[in-house]
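Down below is the structure, laid out as structure tokens.
Bear in mind that the values here come from a model prediction, so they are computed numbers and not experimental data.
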Amino acid sequence: MNSIFKALNDQTRQEILGHLKESYLTAGQIAGHFHISKPSISHPPDILKRAGLVTSERTGQFFSYAINTTIIEEVLQYIVKLKQGI
């Protein structure tokens, strides 16, 4: 769970998740939403992937990213349980 919160502790990664809630996006499409070079944009989605927040699928030479809704639901349930315990 700790890696998830670390991954969410970055504005760019939060914004990437916001864009991914609409549809699958390639790294190039993600880069189009930011003032970051295409080679530099691969790092934030990789962190999100290692935390389990996104999944990726290779199509040819491109990777498409999508939100892993299962993990998002687990995080929300965890937070609700924490709140109930307070």
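- Cluster membership for Ile47 and Leu17, using ILVMFWY side-chain heavy atoms within less than 4.5 angstrom, is not shared.
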Check: residues 58-80 side-chain donor-acceptor pairs under 3.5 Å, at least two apart:
{"residue": "Arg58", "atom": "NE", "partner": "Gly60", "partner atom": "O", "Å": "2.9"}
{"residue": "Asn68", "atom": "OD1", "partner": "Thr70", "partner atom": "N", "Å": "3.3"}
{"residue": "Asn68", "atom": "ND2", "partner": "Gly52", "partner atom": "O", "Å": "3.0"}

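- Formation of a donor-acceptor pair under 3.5 Å by the Arg13 side chain with backbone atoms of Ala7 is found in this model.
- In this structure, the separation between CD on Gln29 and CG on Leu20 is 10.0 Å, given to the nearest 0.5 Å.
- Note: Ile30 CD1 to Glu15 CD = 12.0 Å, rounded to the nearest 0.5 Å.
- In His33, the NE2 atom is crowded: over 12 heavy atoms of neighbouring residues, nucleotides or ligands sit closer than 6.0 Å.
- Heavy atoms only, all atoms of each residue included: Asp10 and Thr12 are closest at OD2-N, 3.1 Å.
- In the hydrophobic clustering of ILVMFWY residues, with side-chain heavy atoms under 4.5 Å counting as a link, Leu53 and Tyr24 come out apart.
- What you find for Pro45 and Ile16 is that their closest heavy atoms are CD-CD1, 4.1 Å.
- No side-chain donor-acceptor contact under 3.5 Å links Glu22 to the backbone of His19.
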